Amino acid sequence: MRQTLGVLLPVAAALFVSSTPLAAQDTRPRTRVAATKPRPSSMRVPEADSLLPWSQQIATREQWLSKRHEMLLPMMRRHGVGMWIVVNEEFHDDPLSQYVAPPRPYTGNRDFFVFIDGGSEGLKKFAITGYTEENLARFFDAPTTEPRPPAATLRELYEKFKPATIGLGIRGTRGQTRSLGYDSYRFLAETLGPDAEKTFMSAGELTQEYLDTRIPEEMEHYRTAVKVTEAIVKRALSNEVITPGKTTVGDVRRALFDMLWAAGVRTWFQPDLRVQRATGDVATSRGFLAVAPEGTVIERGDVVHIDFGISYMGFDTDWQKMGYVLKTGEKDVPAGIKQAMANSNTLQDALMKRHSRAGRTGGAVFNATMAEMKERGIEAMIYSHPIGAQGHGLGASIDFRSALRSDTTAQNSRLRSGSYISIELNTATAIPEWGGKKLFVMFEDDAHLTENGFVFFRPRQEQFYIIR
C-alpha cells in the first residue's frame with residue numbers, strides 16, 4: 001500500500017423500531033426502518049467463515065500477551081530502557097496500547113501502562129487507569145480495586161525504582177514511535193520532576209523490536225487474514241463484480257467496502273485501483289502508477305490492479321493483484337502481458353529466495369536483488385515494508401530508501417527471523433501487442449522469514465485473474 005488514505009470502521013448491524021405512539025389524527029400503518037443495513041450475505045466470501053468472533057479474538061490475543069510480556073525485559077535491557085511508559089489518551093489511542101495491554105477499549109481519560117526493569121525482581125508491570133478493569137489484574141502487578149490519582153502512583157514508582165532511563169514515544173522515525181502527545185509529555189515531566197525528565201529517551205528501538213517480533217501462535221491467524229484478503233480481491237477482479245464497458249473503478253471500490261462489511265472486518269487504508277490499457281498516457285504519482293479516477297469505466301483489453309488490505313486480530317494485511325479483461329474473441333491473455341507477469345515473478349524469486357536471510361540488512365538485500373535484475377535486463381522497483389501489527393510496520397524494510405541509510409549495523413536495520421513483511425514491488429515490460437508500450441505488473445504479498453528466505457502466506461499470483 002503506497003498511501004494511507006482512510007479507515008473503514010464497520011459497526012454492528014441493528015434495526016431501529018420507533019416506539020412513539022401514533023398521533024391521534026394519523027392512523028396510517030408504520031413500517032420498521034433499518035437504521036443500518038444488514039450485511040448482505042451475497043457479498044460475504046466463504047473464507048470469512050473461518051474468522052473468529054470478537055470475544056474469541058480477544059481471548060486468543062490475551063494469551064499472546066502473556067508471552068509477549070515474557071519477552072519484554074531482555075528487550076528493554078538490550079535497548080537501555082529502565083522504565084517504559086505507554087500513555088493512552090481517551091479517543092486518541094496509542095498504537096501500542098492493544099499490544100502491551102489487553103486489547104480492550106480504554107476510555108479512562110488518560111491511562112498509563114508502565115514497565116520497569118526491577119533488577120533481581122524481574123519485570124514489574126503496572127496499569128494506571130481511570131476505570132477499574134478486572135482483566136488488567138491478570139497482566140499487571142498490584143492492581144488496585146479503586147483507581148488512584150495517576151500522578152501519585154507514577155511518583156511512587158519512580159521514587160521506588162529510580163530508573164536510569166525512561167523510554168517514551170518521542171523522537172521516533174515512524175508514527176508508532178513518536179505517539180506521545182505534548183500534553184502527556186508535560187504531565188509526565190511535571191509529575192516526575194526535572195531530574196526524571198533528564199532521563200527521558202526515545203523508546204523507538206525497543207518499540208521496533210517488540211512489534212517486529214512474532215510468536216508462533218500468531219501465524220495461523222495471520223494466514224487466515226491473508227486468505228480472506230485474497231478471496232475478496234479475487235472476487236473483485238471477476239465477472240461477479242466487473243461487467244466490461246459498464247463497471248467503473250468506483251463501483252469496484254464500493255464492492256470492496258461492502259465485502260469488508262459482509263466479512264465483519266475493517267481495512268486500514270482505502271482500496272485503490274489502477275487501470276492500464278494499450279492507448280492513452282500512463283499517469284504517475286510520486287514515481288508510481290497513479291490511482292485511477294473513480295469514474296473510469298473498465299473496458300475490454302484493460303489490465304486492472306487492486307491494492308487492498310484488511311485488519312483482523314490486531315494484524316493488518318496488504319495485497320496487490322492483477323486482472324485482465326478479455327477482448328471480444330480473445331480466449332486467453334496475450335503473450336506479451338503474460339511475460340510481464342513472469343518478470344515480476346522472477347523479481348520475487350530473487351528477493352525472497354536468493355538474497356533475503358536473517359541478519360542481512362534491508363539495504364544489502366535491495367542492492368543484491370536490483371543488481372540481479374540489471375543482469376537479467378528487467379526494469380524493476382522494490383518498496384517492500386514490514387507488516388503485522390500495523391500495515392506499515394516496524395523493522396527492516398527492503399526498498400530504495402534502505403539502501404541509502406547510513407545506519408546499516410543497527411539491530412532493527414537487519415532482517416529478523418520469523419518477522420512478517422509485505423513483499424511489494426513491480427516490473428515494467430514493453431508489450432509487443434501494445435506497440436511497445438510498457439506495462440507495470442505490481443505485486444504485494446505478505447510473507448514470513450525462514451532460514452531459507454521469505455515464504456508467502458498464500459500461493460503467489462502467476463496468472464492474471466481473467467474478467468470475461
Side-chain angles (χ1 to χ4, degrees), residues 51-79 81-86 88 93-106 111-127 129 133-143 167 176-177 203-226 311-317 358 386-390 393-396 411-412 415-421 446-451 455 457:
L51 300 174
L52 296 179
W54 199 358
S55 61
Q56 291 183 32
Q57 292 183 41
I58 293 173
T60 301
R61 292 177 64 188
E62 288 180 348
Q63 292 173 8
W64 300 345
L65 183 60
S66 296
K67 296 199 171 188
R68 290 201 155 276
H69 282 180
E70 291 174 1
M71 301 186 303
L72 186 51
L73 185 57
M75 292 182 185
M76 291 176 64
R77 291 176 175 173
R78 274 194 292 273
H79 298 289
V81 178
M83 173 186 281
W84 186 26
I85 304 177
V86 176
N88 193 81
D93 287 351
D94 189 283
L96 279 161
S97 295
Q98 63 173 312
Y99 304 103
V100 300
R104 297 168 181 264
Y106 295 97
D111 299 320
F112 303 84
F113 304 106
V114 184
F115 303 88
I116 304 170
D117 183 348
S120 60
E121 297 182 41
L123 181 66
K124 310 301 291 184
K125 304 176 292 180
F126 300 90
T129 58
E133 169 53 60
E134 65 177 286
N135 289 283
L136 291 173
R138 295 161 40 219
F139 300 96
F140 291 90
D141 298 326
Q176 304 97 312
T177 60
E205 293 299 312
L206 168 62
T207 301
Q208 282 204 53
E209 183 177 1
Y210 186 77
L211 291 182
D212 190 40
T213 301
R214 304 267 61 85
I215 59 176
E217 293 86 349
E218 296 171 329
M219 184 170 288
E220 66 170 298
H221 299 279
Y222 193 76
R223 193 183 306 279
T224 297
V226 176
S311 297
Y312 170 70
M313 294 280 286
F315 290 127
D316 290 337
T317 66
I387 198 166
Q390 287 92 20
L394 298 177
Q411 180 184 4
N412 286 318
L415 299 181
R416 182 173 284 110
S417 180
S419 64
Y420 300 172
I421 195 169
D446 300 322
H448 58 98
L449 186 59
T450 72
E451 62 180 11
V455 175
F457 282 96

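Owing to the predicted nature of the structure, the values given are computational and were not obtained by experimental measurement.
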Could you walk me through whether I116 and K125 pass the side chain to side chain contact (heavy atoms under 4.5 Å, CB included) check? CA-CA 6 Å; I116 304 170; K125 304 176 292 180; over 6 Å; no
Take L206 and R78, measure what side chain to side chain contact (heavy atoms under 4.5 Å, CB included) needs, and give me the verdict at the end. CA-CA 8 Å; L206 168 62; R78 274 194 292 273; over 6 Å; no
To the closest 0.5 Å, what do you measure between [atom1] ([X]) and [atom2] ([Y])?
| X | Y | atom1 | atom2 | value |
| --- | --- | --- | --- | --- |
| I387 | F457 | CD1 | CZ | 9.5 Å |
| F139 | S66 | CZ | OG | 4.5 Å |
| E205 | H79 | CD | NE2 | 6.5 Å |
| Q56 | L51 | CD | CG | 11.5 Å |
| Y106 | Q98 | OH | CD | 10.0 Å |
| M313 | I58 | CE | CD1 | 10.0 Å |

Heavy-atom distance under 4.5 Å between the side chains of [X] and [Y], does that happen here?
| X | Y | result |
| --- | --- | --- |
| I85 | F113 | no |
| F140 | H69 | yes |
| R223 | E220 | no |

With sequence neighbours excluded, residues passing salt bridge (charged side-chain N to carboxylate O under 4.0 Å, His left out) with [X]:
| X | result |
| --- | --- |
| R214 | E218 |
| R77 | D117 |
| E451 | none |
| D212 | R416 |

Consider only side-chain N and O atoms of Q63 and E217, and report whether a donor and an acceptor are under 3.5 Å apart. no
Can a donor-acceptor pair be found between the side chains of N88 and D94 at a distance below 3.5 Å? no
Taking side chain to side chain donor-acceptor pair (under 3.5 Å) as the test, write out the residues that go with [X], two or more places apart.
| X | result |
| --- | --- |
| T224 | none |
| E62 | R104, R138 |
| T317 | T229 |
| Y222 | D446 |

Among all residues two or more places apart in sequence or in another chain, which pass the side chain to side chain contact (heavy atoms under 4.5 Å, CB included) test with [X]?
| X | result |
| --- | --- |
| A447 | M352, I421, I423, F454, F456 |
| E133 | N135, L136 |
| A203 | W84, T207 |
| A358 | S417, L449 |

So, for [X] and [Y], which heavy atoms are closest and what is the spacing to 0.1 Å?
| X | Y | answer |
| --- | --- | --- |
| P102 | L65 | N-CD2, 3.4 Å |
| A396 | P386 | O-CG, 3.5 Å |
| A225 | Y312 | CB-CD2, 3.9 Å |

With under 30° as parallel and over 60° as perpendicular, where do the rings of F315 and Y420 fit, or are they tilted in between? tilted
Measure from the ring center of H221 to the ring center of W64 and say whether it is less than 6.0 Å. yes
Distance under 6.0 Å and angle within 45° of ring axis: R68 vs Y210: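 Flagged: R68 positioned over aromatic ring of Y210.
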Evaluate the side chain to side chain contact (heavy atoms under 4.5 Å, CB included) criterion for residues L211 and Q390: first the C-alpha distance (whole Å), next the side-chain angles of each, then the deciding distance (0.1 Å), finally the verdict. CA-CA 9 Å; L211 291 182; Q390 287 92 20; 3.6 Å; yes
